[in-house]
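All remarks here apply to the structure that follows.
We count residues from 1, following the sequence as given.
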Amino acid sequence: MRGWPARCAALTVVTALAAAPAVAAGAEDARSMFGLVGMELAFLEALALIVLACIFVPLSRAIGLGTVIGYLVAGVVAGGVLSISFTRDPEALLHFAEFGVVLFLFVIGLEFRPARLWEMRGTIFGRGLAQVMVCAVLLTAAALLTGLDWRAALIVGLGLALSSTALVMRGIDEGGERNSPFGQTAIAVLLFEDLAIVPFLLLVTLLAPSGEEATLSENLQATAIGIGAIVLLILIGRYALDPIFRIVARTRTPELMTAAALGVVVLAALIMAAAGLSYAMGAFIAGVMLAESSYRHEVEADIEPFRGLFLGLFFVAVGLSLDLAAVADNWLIIALAVPVTVALKGIGAYGVNRAFGTPHPTALRIAFAMGQHGEFGFVLFAAASSALILPPDVSSIVVAIVTLSMALSSQSDRAYRWIMGRPERETLDEDYTDAEGSVLIVGFGRVGQLVAQPLISEGISVTLLDHDADRIREAKRFNVRVHFGDGTRADVLTAAGAGTAKVIVVATDDPDTTLEIVRIVQRKFPAAALQVRAHDRIHAVRLAGEGVPINAILRETWLSGLALGAQTLRALGYADENAEEIVARVKKQDADRLAQQVTSARDKTDRDAIVAAIAPEPVRRDSASGGE
């Protein structure tokens, strides 16, 4: 949440600028509040929205619903309880805030180098296209059954077929599954959905009622103009953008680089608008053209704050434009539609992934993870409502459906595990007859492997124990013998030679598992010297509280952090001996502080209780340098 107050202040200015036309239009009414009129009143109204956003967005994130739901709720509350210019004309704010969607698609374009898109074409444009289209067909058919016009039903089906990139990616990252079959498949489909929003928005433009039928020649002319605009934009991106940014970069003026980046987005959007195409499509093409530029990362960093501010404002405006009366009148339809649409989407996702050869458990998990609808639905429905394709009440209903599905998505993993049951841990037939090492290392992950190397290089007999079957198979490729077993079981430790080992090293990565193993070793194998890997300082205090000597506990990042600090001092010009002396002093000071904290938390076992008991003591220059 760092930087949140600054974002709120910036968003206040942006929102006030959006309000200025509405305030100016209503100047004849001589509205005032607390003696404020004109621009001052606009800032006050903007501040009211920002206060709501600053309340509901952190609250929404805290309960696991994400920022989008928080912005929507802020807009809904503003529309329900405030009487300001935004609530009387939310479409004006929504139109202004659509620039956030334009910036968002520009940033997406920056992530898609043409070469990368080509390499991933099979997965993205094969499975991704199939999943989105199958889900869209199912959902469009359901919308048609409710009596919607085919244009409105098609937009509803396409919008509901898109998943929430933010929510799905958060789940993948939290589970560390980016490289798993589930993670790779889900990411590929999400990439296609990110790309699909561009033609979907273009489709809204094509389906928008124009009031009269165009002739064949007019259609051909419009198509030619559109193709010409795209070619022009590609040529500008290919031959002009990099030289322009090179010239701007030489000025060494950061704000000018930011202005140039925003200028590129605006130019691309205007070229597309002049051709009758989507702003967003122009921004996306400009982003792709800059994706291979050496200035890509700097441009993205410059655009990112504006993208976040305008996109947040867009979702607030969506909440403001929500017809609460329509939602209240149709609450039963919404309550029934959410499980139906989520189920249809899940069925479509499961069927497509099974057709592509995905195993049943993975396909089912993808169906649960991607069953919810996503934030792109808000973008598409807002555009369709502005283009008069979706009636206002229908737009409010589908926005409510998307919002509820996103709110319920936090339970998708729990529902999946409830249906599949708890997976049984894989077991291997193990023979411990050769487990006679004088050192037993429990846990052969990234730390355990490093611990074993100097011991093996010295010819010391080492027994390695781990409960991860995949890791054991991987170790066999390097001719390393790792025994399979659960270190939290005393009989397994006995079989692995804990009773005869001189030293037992506990290098497991889960703090609670480490504590459990330590307790067993101290109770059953007290003759062995114990060396323990600690996850962090609090874990070290907990281990010390279990009776492990402080000098037998090593925090996994402690020595590497101190070594990096010493290298930084050398890079600043410190002599080797001076750098080592400073690090040695800091090391001693840290050890003394840790001993004091262990004493302070002697009777505490819970992590929160330990955090409350120990008093953090910052490193001071006098103590670190020995004073003067």
Enumerate, atom names and distances included, each donor-acceptor pair closer than 3.5 Å involving a side-chain atom of residues 376-385, sequence neighbours excluded.
none

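- The shortest distance between side-chain heavy atoms of Val394 and Pro391 falls below 4.5 Å.
- Between Phe192 and Val132, some side-chain heavy-atom pair lies under the 4.5 Å cut-off.
- Between atom CD of residue Gln372 and atom OG1 of residue Thr341 there is a gap of 11.0 Å, rounded to the nearest 0.5 Å.
- Between the side chains of Thr514 and His539, no donor N or O sits under 3.5 Å from an acceptor N or O.
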From CA spacing to verdict: salt bridge (charged side-chain N to carboxylate O under 4.0 Å, His left out), Asp536, Arg542
CA-CA 10 Å; Asp536 55 18; Arg542 294 177 72 187; over 6 Å; no
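- How far CD of Glu193 is from CZ of Phe200: 8.5 Å, rounded to the nearest 0.5 Å.
- A donor-acceptor pair is defined here as one N or O able to donate and one able to accept, closer than 3.5 Å; no such pair exists between the side chain of Asn353 and the backbone of Thr358.
- Taking CZ from Arg489 and CD1 from Ile517, the interatomic distance works out to 12.5 Å, rounded to the nearest 0.5 Å.
- When all heavy atoms of Val492 and Gly485 are compared, the closest pair comes out as CG1-CA, 3.8 Å.
- Nearest heavy atom pair, residue Gln449 against residue Phe444, reads NE2-O, 3.1 Å.
- Minimum heavy-atom separation, Gly346 to Ala367: O-CB, 3.3 Å.
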Can you give each donor-acceptor pair under 3.5 Å made by side-chain atoms of residues 331-340, sequence neighbours left out, with the distance rounded to 0.1 Å?
none

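- Once rounded to the nearest 0.5 Å, the distance linking CZ of Arg555 with CZ of Arg537 reads 4.5 Å.
- Contact detail for Gly443 and Ala507: the closest heavy-atom pair is O-CB, 3.8 Å.
- Val57 has its side chain within reach of Tyr71: a pair of non-hydrogen atoms, C-beta onward, lies under 4.5 Å apart.
- Arg127 places a side-chain heavy atom less than 4.5 Å from the side chain of Thr185.
- Leu190 is listed as a side-chain neighbour of Met370, based on a closest heavy-atom distance under 4.5 Å.
- For Thr508 and Thr513, the side-chain atoms include no donor-acceptor pair closer than 3.5 Å.
- Asp486 and Thr488 form a side-chain donor-acceptor contact under 3.5 Å, judged by distance and modelled atom types alone.
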Please report, to 0.1 Å, the donor-acceptor pairs under 3.5 Å made by any side chain of residues 136-161, with sequence neighbours excluded.
unit_1	atom_1	unit_2	atom_2	d
Thr140	OG1	Ala136	O	2.6
Thr146	OG1	Ala143	O	2.5
Asp149	OD2	Arg151	N	2.9

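- Taking 4.5 Å as the limit, some side-chain heavy atom of Lys345 sits within range of a side-chain heavy atom of Ser163.
- Side-chain contact check for Arg533 versus Asp509: some heavy-atom pair is nearer than 4.5 Å.
- Here the side chain of Ser405 pairs a donor or acceptor atom with the backbone of His373 at under 3.5 angstrom.
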